[in-house]
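Take a look at the structure below.
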Amino acid sequence: MDVVTWNVNSLRARLPRVLEFLETESPDVLLLQETKVEAADFPVDELRAAGYEAVHHSAGRWAGVAILAREGLALADDSAGLPGEVQADEARWVEATVGGIRMCTAYVTNGREVGSAWFDEKLAFFDAMAARVAHLRADGTPVIVGGDLNVTRDDRDVYDVAAFEGETHVTPQERERLETIITDGGLLDAYRLVHPDDQQFTWWDYRQGHFHRGLGLRIDYLLVSEALAGGVRECGILRDFRKGTKPSDHAPLRVRLDLP
DNA sequence: ATGTCACACCGTGTGTGA
């Protein structure tokens with residue numbers, strides 16, 4: 001099974017690239033973040049024409065998450081929102097079951113400035129995520145949590161640690177919470193599982209030619225239950241989709257796994 | 001160099017969020 005996570009930075013603006021992706025890569029499941037679309041405007045028909053069913057949690061011009069599954073795969077028991085999240089109207093979490101796996105996707109709050117109310121909201125969102133994945137673990141259902149978690153796991157995931165001194169995405173508070181999500185959820189970071197020593201990024205600022213200069217962060221993740229980890233064959237970042245016409249500032253991240 | 005992008009708004013630029 002191929003599962004991909006991709007922050008598309010507006011599904012309407014990115015629809016041509018998303019349809020291109022579905023056509024050329026034909027993932028089984030595509031987890032989307034920052035769809036930035038009203039629920040009534042979600043492109044259900046275009047995606048169905050491409051052979052994909054969707055569930056989504058949409059809140060208009062900001063945030064928004066969705067799960068796409070290839071036709072023929074049952075996309076069941078979808079649930080929008082994260083229990084315990086502070087801003088329940090922001091559309092940052094949705095989950096559904098596909099192929100016996102509980103697929104969860106998150107678009108974590110940016111946090112803006114360390115110490116701000118937005119930063120506190122970000123830490124609270126991580127805490128709610130940890131509680132949710134612990135609950136799912138207790139249920140015994142295999143889980144994949146994918147999304148833009150807006151935090152680097154460690155310094156290898158940052159192009160220049162000095163450039164991020166005092167900034168969000170690199171603080172111990174954020175990183176400790178990511179580790180707690182991984183530990184409490186019984187999860188593994190699929191990219192690190194396959195690439196224990198590499199430095200590759202999933203996001204590059206649009207400005208200053210950062211992509212072409214190789215200046216990015218690894219802030220998008222696919223976290224898989226331990227029960228699935230043995231089946232992981234491949235995990236990689238599809239950098240080509242950060243190139244070309246009107247790209248997102250994030251590249252898709254894909255895991256290929258054999259189901260237990 | 002806060003240098004890009006996307007969205008809303010009666011709009012042909014400005015504010016907001018990333």
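Throughout, a chain's letter reflects where its sequence line sits, starting with A, and its residues are numbered from 1.
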*Could you give the CD-to-C1' distance, from A:Glu34 to B:dA6, as a whole number of Å?*
9 Å

*If we take the P atom in both B:dA6 and B:dC10, what is their distance in whole Å?*
22 Å

*Which value, in whole Å, describes the distance between the C1' atoms of nucleotides B:dT16 and B:dG11?*
16 Å

*Whole-Å P distance, B:dA18 and B:dA1*: 25 Å

_Work out how far the P atom of B:dT14 is from that of B:dG3, and round it to whole angstrom._
14 Å

*Shortest non-hydrogen contact from A:Gln199 toward A:Arg156*: NE2-O, 2.8 Å

*Is the distance between the ring centroids of A:Phe241 and A:His250 under 6.0 Å?*
no

*Over how many whole Å does the gap from A:Lys243 atom NZ to B:dT4 atom P extend?*
21 Å

*Return the value, rounded to whole Å, for the distance between atom CG of A:Asp220 and atom P of B:dA18.*
15 Å

*Find the partner of B:dG13: check Watson-Crick (N1-N3 plus N6-O4 or O6-N4) and G-U wobble (N1-O2, O6-N3) distances, both under 3.5 Å, and reply none if neither fits.*
B:dC9

*Parallel, tilted or perpendicular: which fits the ring planes of A:Phe21 and A:Trp6, with parallel below 30° and perpendicular above 60°?*
tilted

*Under 4.0 Å between a side-chain N or O of A:Arg12 and OP1 or OP2 of B:dA8?*
yes

*Could A:Glu85 and A:Arg92 be called an ion pair, given the rule that one side-chain N must be under 4.0 Å from one carboxylate O?*
no

*Any chance you could lay out the side-chain contact (heavy atoms from CB on, under 4.5 Å) test for A:Ile144 and A:Arg102, step after step, and finish with the verdict?*
CA-CA 6 Å; A:Ile144 296 180; A:Arg102 193 66 178 161; over 6 Å; no

*Interatomic distance where CG belongs to A:Asn7 and P belongs to B:dA6 [whole Å]*: 12 Å

*Find the distance A:Glu167:CD to B:dT2:C1' and express it as a whole number of Å.*
12 Å

*Reckon A:Arg207 has a side-chain N or O less than 4.0 Å from the OP1 or OP2 of B:dA1?*
no

*Is any side-chain N or O of A:Ser10 closer than 4.0 Å to OP1 or OP2 of B:dC7?*
yes

*Check: A:Phe201 ring centre within less than 6.0 Å of A:Phe211 ring centre*: no

*A:Asp148 has an atom CG; how far is it from atom P of B:dA18, in whole Å?*
11 Å

*Could you pick out which residue, A:Gln208 or A:Glu38, lies toward the 5' side of DNA chain B when each is mapped onto its nearest nucleotide?*
A:Gln208

*With the threshold set at 4.0 Å, does a side-chain nitrogen-carboxylate oxygen contact exist between A:Arg192 and A:Asp157?*
yes

*Given atom CZ of A:Arg92 and atom P of B:dG17, what is their separation to the nearest angstrom?*
11 Å

*Could you check which of B:dG3, B:dA8, B:dA18 has an atom nearest any side-chain atom of A:Asn110?*
B:dA18

*When rounded to the nearest 0.5 angstrom, what distance separates CG in A:Asn110 from NE2 in A:His169?*
4.5 Å

_Regarding A:Phe211, tell me which of base, sugar-phosphate or nothing describes its non-hydrogen contacts under 4.0 Å with the strands shown._
nothing

Could I get a table of every N or O pair under 3.5 Å where one atom is in the protein and the other is in nucleotides 13-15 of chain B?
from: B:dG15; atom 1: N2; to: A:Arg61; atom 2: NH2; distance (Å): 2.9

*Give the rounded distance in Å between these two atoms: CG of A:Asn9 and P of B:dC5.*
10 Å

*For B:dT4, take OP1 and OP2 only and decide whether either is under 4.0 Å from a side-chain N or O of A:Lys246.*
no

